[in-house]
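Each remark here refers to the structure printed beneath this line.
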Amino acid sequence: MSESNRPKWSGSLGFVLAAAGSAVGLGNIWKFPYITGMNGGGAFVLVYLACIALVGVPVLLAELYIGKVGQANAVLAYEKVHKEKSFWRLPGALGLISAFLILSFYSVIGGWILNFEWCSLLNEFGTRPEGEIKSMLSDLFEDPTRQIFLHSIFMLLTVGIVLGGVQKGIEKWTKLLMPGLVLILIGLLVYSLFLPGFGQAAEFLFLPDFSKLSWEGLLEAVGHSFFTLSVAVGVMVTFGSYLSKDDNLPRMGFSIAIIDTVLALTAGLVIFTAVFSYGIEVDTGPTLIFQTLPLLFGKMPGGYFIAVTFFLLIASTALTSTISILEVVVAYCTETFKAPRRITTLIVGFAAFAVGLLSDLSTNLLSHVKIVGLNFFDFFDKLTSSLFLPLSGLLTSVFLGWVLGPRAVDEIIRDTGFEAYRKTLLICIRVIVPISVSIILIMGLDWLWPA
Ligand code: PFF
């Protein structure tokens, strides 16, 4: 596709909302609260904020820059910036594979959320006995037909939006969904203010107790800073390639990171307020929003509406993320195979759905199939989050910081009003990101050799 007929954002707002829509997702409303709960609260939050600032944002800016200068898909952009066919396509290729795999299992979780939205609408949390509410997730896991049906609906929604294209699909829908989900979150926050556990939740999240911080928590915070900002998966390169030459990268990058972080903290506050108000353990882990919260919704005044809006919120955030992931692969295939965009969207969507079936079945019919001791779902998750994402992020930082060198950092910063940030960005991209990500890469590989 020639540069002149590549899609373009209608303006900076459209871009920032679409990129923030990608960043804000299950990582903010599901994963951030539960890993914070498991890692003791405030001290982990501080480390997480530091990781966003020193690791996530620099890689985010590097990717936007590579996309904007390369004006091509997530793989080709690296090559075009380097001006020769090279090894440096590797971070883009790793990102592309990760995007496809993440899309396959993220849309499965999208299906679980539709299930809980449906149960909320039927008021099942308010009417069913506690034991049944607790086992709703495991019941779903044991029912492949239901899981596949809901998964397919979620994928159809994703494909339907991406079929519309960049401006009329992704941009139009994120402009609608993002303000909607911010409003829902504000509504839930206001409700939380009236619950007795609000003060305790704020203390848990914002008063650091360093004795609770562990080495694993530190590693988790670095890894999560990539996932939550949607970096190292080609999204920001692809979205950056739809920007114009004079767009202000630091301003856009900071806006995305701030929106993502504020929404994660707000979601944490809402969820922990509910948890503390009803005397539940904070460290229940991944089942926090699928078991603990539904139990609480059943007991809260107005719990019916809270449950319906809460799961609607998560479904919307998941959808604005899956559309961005699908776009990465669609942009790559359209440009590489010179294929019509609509047909490519349908084929890629279907292929990701087909691979996702392995995740649907990994809790039932295929639960006995293990790769390095993990079922398909856990394997795809681990492979991307512990290997491909860190490796792609690490290579991108080395590419920008050492191969392209300080000139690239100058170009990111020049005439943007953020000149004072130049030195910090250079240090982060050349030293802090490579060292910290290499450590998590090495430390995080033990799963490949199960005992
Ligand atoms: N950033 C999303 C979240 O926090 O849920 C996850 C995500 C979206 C990862 C898009 C990767 C991606 F390409």
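Order of appearance sets the numbers: ligands from 1, and atoms from 1 within every ligand. Every heavy atom of this structure was used, including side-chain atoms; hydrogens, water molecules and symmetry mates were not.
In terms of polar-atom proximity, Leu26 is counted as a contact of ligand 1, with an N or O under 3.5 Å from an N or O of the ligand. For Ser321, no nitrogen or oxygen atom sits less than 3.5 Å from a nitrogen or oxygen atom of ligand 1, counting backbone and side chain alike.
The aromatic rings of Tyr34 and Trp30 sit tilted, their planes meeting at an angle between 30° and 60°. Ring geometry, Phe254 versus Tyr421: the interplanar angle exceeds 60°, so the pair is classed perpendicular (tilted spans 30 to 60°).
Residue Ser22 approaches ligand 1 through these ligand atoms, each under 4.0 Å from one of its heavy atoms: 1 (N), 2 (C), 8 (C), 10 (C). Here is the list of ligand 1 atoms found below 4.0 Å of a heavy atom in Val235: 12 (C), 13 (F). If you number the atoms of ligand 1 from 1 as listed, the ones under 4.0 Å from a heavy atom of Ala23 come out as 1 (N), 2 (C), 3 (C), 4 (O).
For the side chain to side chain donor-acceptor pair (under 3.5 Å) with Ser10, the lone residue among Lys168, Lys172, Glu171 that qualifies is Glu171.
With a 4.0 Å cut-off on non-hydrogen atoms, Phe227 touches ligand 1 through its backbone as well as its side chain.
Smallest separation of non-hydrogen atoms from Ala232 and Ser392: O-OG, 3.6 Å. The shortest heavy-atom contact between Phe418 and Pro250 is CD1-CB, 3.6 Å. Contact between Val108 and Gln147 at its shortest, heavy atoms only, is CG1-OE1, 3.8 Å.
Scanning Ser324, Ser230, Ala318, Gly234 for the heavy atom closest to atom 7 (C) of ligand 1 points to Ser230.
The closest approach between any non-hydrogen atom of Tyr106 and ligand 1 is below 4.0 Å.
Ranking the protein heavy atoms by distance from atom 11 (C) of ligand 1 puts Val233 CG2, 3.6 Å first.
The existence of a salt bridge linking Glu327 and Arg341 is confirmed by a sub-4.0 Å separation between a basic side-chain nitrogen and an acidic carboxylate oxygen.
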